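Below is one structure; the comments refer to it alone.
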Number of protein chains: 2
Amino acid sequence: MVTIKDVAKKAGVSIMTVSRVINGKSNVREDTREKVLKAIEELGYVPNSMARSLVIKKTATIGLVISDVTNPFFTTVARGVEDTAITKHFTVILCNTDENPEKESMYVEVLARNRVDGVIFTSASGKKNPLKSLFIKKIPLVLIDRTIEGLEDVDVVRGDSVLGAYLLTKHLIELGHRRIGIIVGSKTISTAVDRIEGYKRALKEFDIPIDESLIKINDKSKFSKEDGYRLTKELLDMENPPTAIFGGNNLMAVGAILAIRELGLSIPEDISLVSFDDIESLSEVYPFLTVVKQPAYTMGVIATELLIRRIERKDRIKEKREILLKPELVIRKSTAPPKIKN
Amino acid sequence: MVTIKDVAKKAGVSIMTVSRVINGKSNVREDTREKVLKAIEELGYVPNSMARSLVIKKTATIGLVISDVTNPFFTTVARGVEDTAITKHFTVILCNTDENPEKESMYVEVLARNRVDGVIFTSASGKKNPLKSLFIKKIPLVLIDRTIEGLEDVDVVRGDSVLGAYLLTKHLIELGHRRIGIIVGSKTISTAVDRIEGYKRALKEFDIPIDESLIKINDKSKFSKEDGYRLTKELLDMENPPTAIFGGNNLMAVGAILAIRELGLSIPEDISLVSFDDIESLSEVYPFLTVVKQPAYTMGVIATELLIRRIERKDRIKEKREILLKPELVIRKSTAPPKIKN
DNA sequence: CTGAAAGCGCTAACAC
DNA sequence: GTGTTAGCGCTTTCAG
């Protein structure tokens, strides 16, 4: 393996001079620089970032912890993060937790060991605990999409779930729906709590009594297709089933569609369906689902910018900053007035 | 920052003993181990992977270079890679090149500097050149989805594009189509070349003359939605336009749909459309596009397994291995016999 | 403008 | 079982 030493020997200079050339320091005579560059080229020398990081205590790496890249929402977030990181010369390590608290802790540990300069984190557990090793090492952190209670010194970038859920529910109510089911992930996830709140707020505003049996919460934390499928079936198996369903996120909505179809019902004739979060590749080709859309890419960009600013200490600000992004209601074809008014 | 030294001091042992505990070596007395563990806990010590890597010359990190995580095909590949990597305790660094040769080179350089143990690579340029620093450092490499000519010592995991394109084209021919347009990315990309080959093979088999004007190749290398849109328009603007279009990949097919609709035509009544690669979130909800599906997740898994085996030198094999995965034809609703038989 | 010495946090190899 | 020494590849002083 060729090292800085080999380059120095070949170029007939000290390693310090080579180091200066590599790092583009100005105080090197032009002909020395050229000699060094030539040696680097001939030897095929590639600097070792780890040796460098060990000394300077920076890695130019950030960790991105999300539940699943396969979820279109998170892939867009990830893209925003990566695009932004690269402009600032940061590399990103991607971690999928599948909303599994153990994976969550494991990845945090891996990131801490790798001394990433910062972490962008989507919490599944809603607990601060898994983040322990980051706090100990004082690694800058920004939460994305989901908050965690009682965290200081941590920025949060998220969509306004309360508002989004309110808009979606209101839309349904205005169409005439009174029995609206909602399916969400576990209460440990802030978006689940917020979306239920927005839902309830809309109902209250229209003086519709809240029927807790219409609120289906997945105890196993996930906002997955399978959970959407299962919870929708539970809703439709009720004696007095809802006339509309609110899918807590895009995957749950897909699960709901599958469940509804399997029961031989049609959307929106028999039942209306709305979803939090869009699926772009779907809606482009088949603009069917009525959704509330979040600026996922922008979320990734902002989170990364805030993070890097913290890393570079360009922020004197010490307190927690919370960026709340507005969701956008997109009405398509999956909603219609209910068949029978109740 | 707490180091192994601090732990050693606190536990009243040498740093070597702490190192042994951290690495789970057996030759440490039980009570010493406990003392050390207690000190680690109290101090909140997290081992520094870089210092370790510097000595052992392994990073337990692999690089994954793809064109775009946002493309459902690659997100699934990425998921397969990550899931497999983690079971072997490898971390993955994700790189999106957008099929841009400069980004490609840049990322390879970053990965080489970070001394990743191996790289899984999707080539956009089709050239070996960007991989130079990997070869110099003898970093194990496996190509995924797309091959590069004239590379030894490199495994390739890819779908059988020739077969897939053949199946798709044959399906169209059997429906009665004679003028079939095809849109693909640049010829520097092996899948573009292969898909054209499969297309031609099917035409020849049915004695249909090949009309080169029906073969639209994007010179700017990308297999993107925008390119699909543009090339489709070009095809449909012809004097004697095709009755069916073969989208070179999923994104191009989406672009094609958009272009076709914009011209006021319907699929499959006015024009048939097929696509290489599925979009799962779309087809689940709206099983419309006739496609050839590739086992993306499996590709990621196999590529990672091959790579890690090389990294761990469990393979005595030195020659290039090529894994060719079978595609699967899924006939849905976007294809029908042509209106006018030509 | 250039170089020599020290050390980042850890492990390999060898003592004891 | 446990500790000592050397050194991984680089940058940070500080001399010259």
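Just so you know, these numbers come straight off a predicted model, no measurement behind them. In the text below, chain A, chain B and the rest are named by the order of the sequence lines, each starting its count at 1.
In this structure, A:Ile56 places its CD1 atom 7 Å from P of D:dT12, rounding to the nearest Å. In this structure, A:Ile15 atom CD1 and C:dA4 atom P are separated by 9 Å, rounded to whole Å. For the pair A:Glu34 CD and C:dC1 C1', the computed distance is 16 Å after rounding to whole Å. In this structure, A:Lys35 places its NZ atom 14 Å from P of C:dC1, rounding to the nearest Å. Between the NZ atom of A:Lys5 and the C1' atom of C:dA5 there is a distance of 13 Å, given to the nearest Å. Rounded to an integer number of Å, the gap from CE of A:Met50 to C1' of D:dT11 is 15 Å. As rounded to whole Å, 10 Å separates atom P of C:dC10 from atom CG of B:Asn23. Taking atom NZ on B:Lys9 and atom C1' on C:dG9, their separation rounds to 14 Å, with Å as the unit.
The residue A:Ile22 sits apart from the nucleic acid: no heavy atom pair falls under 4.0 Å. Counting non-hydrogen atoms under 4.0 angstrom, A:Asn48 reaches the backbone sugars and phosphates but no base. Looking at heavy-atom distances under 4.0 Å, A:Ser49 makes no contact with the nucleic acid at all.
When the side-chain nitrogen and oxygen atoms of A:Thr3 are compared with OP1 and OP2 of D:dC8, none of them lie within a distance under 4.0 Å. The shortest distance between the side-chain N/O atoms of B:Lys57 and the OP1/OP2 oxygens of C:dA12 is not below 4.0 Å. Between B:Ser19 and C:dC10, a side-chain N or O to OP1/OP2 separation shorter than 4.0 Å is absent. At D:dG1, none of the side-chain N or O atoms of B:Lys25 fall inside 4.0 Å of OP1 or OP2 (strictly under the cut-off). Between B:Thr17 and the phosphate of D:dG3, there is a side-chain N or O to OP1/OP2 separation shorter than 4.0 Å.
Under 4.0 Å is where a charged nitrogen must lie from a carboxylate oxygen, and between A:Lys10 and A:Asp6 no such pair does. Salt bridge B:Arg79/A:Asp68: present, at least one basic N to carboxylate O contact under 4.0 Å. The existence of a salt bridge linking A:Arg321 and A:Asp153 is excluded, since no basic side-chain nitrogen approaches an acidic carboxylate oxygen closer than 4.0 Å.
You'll find that the side chain of A:Met1 is closest to D:dG9, out of D:dG9, D:dT2, C:dA4. Counting only heavy atoms from C-beta on, A:Val13 has its side chain closest to C:dG3 among D:dC10, D:dT2, C:dG3. The A:Asn27 side chain lies nearest to C:dT2 when the options are C:dT2, C:dG9, C:dT11. Comparing D:dC10, C:dC1, D:dT2 against the side chain of A:Ile4 picks out D:dC10 as the nearest. Among the nucleotides D:dC10, C:dC10, D:dG1, the one closest to the side chain of B:Arg29 is D:dG1. Of the candidates C:dC10, D:dG9, C:dT2, the closest approach to any side-chain atom of B:Tyr45 belongs to C:dC10.
Looking at A:Leu143, A:Leu131, A:Ile148, A:Thr147 one by one, the single match for side chain to side chain contact (heavy atoms under 4.5 Å, CB included) with A:Val154 turns out to be A:Leu143. Exactly one of A:Lys320, A:Arg310, A:Arg309 qualifies for a salt bridge (Lys or Arg N to Asp or Glu O under 4.0 Å) with A:Asp155. That residue is A:Arg310.
If you take OG1 on A:Thr97 and CZ on A:Phe121, they are separated by 7.0 Å, rounding to the nearest 0.5 Å.
Each of A:Met16 and B:Val55 has a nearest nucleotide on DNA chain C; the 5'-most of these lies closest to A:Met16. Heavy-atom distances to DNA chain D give each of B:Ser14 and B:Leu54 a nearest nucleotide, and the one nearer the 5′ end belongs to B:Ser14.
In the interface, the side chain of B:Arg20 is paired with the base of D:dG3 through a donor and an acceptor atom under 3.5 Å apart.
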